[in-house]
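None of the values given here were measured: they were computed from a predicted structure. Remember, it's 1-based here, ligands and their atoms both numbered in the order they're listed.
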Amino acid sequence: MSLAALATDLSLSARAHRVAAVAAEFAETVDRDARFPEEAVNAMKAERLLGIQIPARLGGEDATTLELAEVCAILGQSCAAAAMVFAMHQIKVSSLVEHGEESAWHIDFMRELAARQLLVASATTEGGIGGNLRNSICAIEIDGDTCRLSKDATVISYGTHADAIMITSRAHDKAAPGDQVMTVFRRGQYSLEKTVTWDTLGMRGTCSDGFLFKGEAPAVQIFPKPFAEIAAQSMLANSHLLWSGVWFGIAADAVSRAQAFVRAAARKTPGAQPPGTLRLAEASSLLQMLKSNILCGLKTYQQAKADPDHLSSMAFSIAMNNIKLASSETILTIINQAMIVCGIMGYKNGTPYSLGRHLRDAHSAQLMISNDRILGNTSTMLLIQKPDTSLLG
Ligand SMILES: Cc1cc2nc3c(=O)[nH]c(=O)nc-3n(C[C@H](O)[C@H](O)[C@H](O)COP(=O)(O)OP(=O)(O)OC[C@H]3O[C@@H](n4cnc5c(N)ncnc54)[C@H](O)[C@@H]3O)c2cc1C
């Protein structure tokens, strides 16, 4: 396709590639300065990517989880931080789409999000609870038509850049830690007092600082469904699948760089197979396995969406947990293989084969909900649940 044709192509893939080109241009500075990928997010808005998942009748495009994961993968090949911002936003939107239709306020918010390309952040992590998102210490206070919340939110990605934050808490001050709700607070309805600075190994551009969150809003902004159902039926699958899409993108770009290195070496010594070729083949095989893992998860989620009981089942949770565990571990092996192929040119910054940023960004995958925590949950379920032993369904 010619450049002119590509510039006017309105397919989702072409729009995502145009955003990816912008993201790639600024990826190094975003990483070096640990700054928000503003140019890439502005490009997402210009290409109207932030509302694609919202139903068409509310101004969106009815994008499927597969389409969202593909956009994550395209962006992940350019700038993992920008891709992760897109993924985290879409995970929040998925909860609106799946659980917001029972509430007039949430329907209106979806309409506005699609029209104005609003960016939504997430605050589940809490001081004293860590990554155990199914527990909260803070509790929402409901006073007539108004709700108030104060939360020690130790990680909120792009918190100061978001137009709204979806935040978890206990349902009331006497509720048990697991009796939670999720509330949408719009910018202007909350204050953020910075408590922790995000100066990390990788994913630096997600700007995931910690804040003391204080909000007050109309109580209708609390999701009518308990957070337990939201977590099981939309957040679990969307988080693991869209994160995996981003991670696939990082690994795919590492393999592309390794291939470019091997091809350049082959051109220098015609007739001789460059060292590293076998490792490239190995990395390509692992990348395909990673792709199969994600596609299998997407298919499982698509099938489960038709059956709410299955969506809340242990079998489904185990399947989604396993996608996350496999994706987050495999990418490190793939990028490491690519690094060995490229040698010092991969290890150095500023070469066409540099892989330091890929490797650093990829290390966050095991920690984004700790793999040990996920393994702990899965192992408890496996005391009861039969392992999946079929290739069908
Ligand atoms: C790039 C990035 C962006 C993020 N963005 C956000 C965001 O926008 N909003 C948000 O709310 N959060 C966000 N997080 C937080 C994240 O998803 C995790 O919840 C958080 O990082 C977990 O913190 P922790 O490492 O202290 O883990 P914890 O889960 O508190 O665990 C601490 C340690 O204990 C171990 N551990 C814990 N539980 C178990 C167990 N059951 N069995 C064995 N070992 C266990 C872990 O291995 C770990 O070493 C983000 C994280 C990253 C990396």
Protein heavy atom at shortest distance from [atom]:
atom: atom 51 (C) of ligand 1; value: Met368 CG, 3.6 Å
atom: atom 10 (C) of ligand 1; value: Val155 O, 3.0 Å
atom: atom 4 (C) of ligand 1; value: Ser157 OG, 3.4 Å
atom: atom 15 (C) of ligand 1; value: Thr125 OG1, 3.4 Å
atom: atom 23 (O) of ligand 1; value: Gly131 N, 4.1 Å

Parallel, tilted or perpendicular for [X] and [Y], by the 30°/60° rule?
X: His161; Y: Phe36; answer: parallel
X: Trp243; Y: Trp247; answer: tilted
X: Phe213; Y: Phe185; answer: perpendicular

Looking at [X] and [Y], does any basic side-chain N land under 4.0 Å from a carboxylate oxygen?
X: Asp199; Y: Arg204; value: yes
X: Arg170; Y: Asp179; value: no
X: Arg111; Y: Glu101; value: no

For this session: Scan the protein's non-hydrogen atoms and note whether one is under 4.0 Å from atom 44 (N) of ligand 1.
Result: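 Looking at atom 44 (N) of ligand 1, one finds that a protein heavy atom does lie closer than 4.0 Å.
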For this session: Please check atom 25 (O) of ligand 1 for a protein heavy-atom neighbour under 4.0 Å.
Result: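 For atom 25 (O) of ligand 1 the answer is no, since every protein heavy atom stays at 4.0 Å or beyond.
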For this session: Look at the side chain of Thr195 and the backbone N and O of Phe211, then say whether any donor-acceptor pair between them is shorter than 3.5 Å.
Result: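 It does hold such a pair.
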For this session: May I ask you to decide if Met44's main-chain N or O and Arg15's side chain share a donor-acceptor pair within less than 3.5 Å?
Result: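 No.
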I need the atoms of ligand 1 closer than 4.0 Å to a non-hydrogen atom of [X], numbered in the order shown.
X: Ser208; answer: 3 (C)
X: Thr124; answer: 10 (C), 11 (O)
X: Ser370; answer: 46 (C), 47 (O)
X: Met88; answer: 5 (N)
X: Leu367; answer: 18 (C), 21 (O)

Exercise. For ligand 1, is Gly376 a contact, meaning one of its heavy atoms is under 4.0 Å away?
Worked result: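 Under 4.0 Å: no for Gly376.
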Exercise. Taking the non-hydrogen atoms of Ala123, is any one of them nearer than 4.0 angstrom to ligand 1?
Worked result: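 It does; at least one heavy atom falls under 4.0 Å.
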For this session: Pick, from Asp372, Ile369, Asn377, the option with the minimum heavy-atom distance to atom 16 (C) of ligand 1.
Result: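 Shortest heavy-atom distance from atom 16 (C) of ligand 1: Ile369.
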Exercise. Among Ser239, Ser122, Ala87, which residue places a heavy atom closest to atom 7 (C) of ligand 1?
Worked result: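 Selected option, by shortest heavy-atom distance: Ser122.
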For this session: Identify the residue among Lys92, Lys225, Lys305 that makes a salt bridge (charged side-chain N to carboxylate O under 4.0 Å, His left out) with Glu98.
Result: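 Between Glu98 and the candidates, salt bridge (charged side-chain N to carboxylate O under 4.0 Å, His left out) is satisfied uniquely by Lys305.
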For this session: Apply salt bridge (Lys or Arg N to Asp or Glu O under 4.0 Å) to the pair Asp9 and Arg18, showing each step before the final yes or no.
Result: CA-CA 10 Å; Asp9 185 347; Arg18 285 195 290 268; 5.9 Å; no
Problem set entry | Min N/O separation Arg373 to ligand 1 under 3.5 Å |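 For ligand 1, there is an N or O atom that lies under 3.5 Å from one belonging to Arg373.
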Problem set entry | Polar proximity ligand 1 side, Trp198 side, N/O cut 3.5 Å exclusive |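 Such a contact does not occur with ligand 1.
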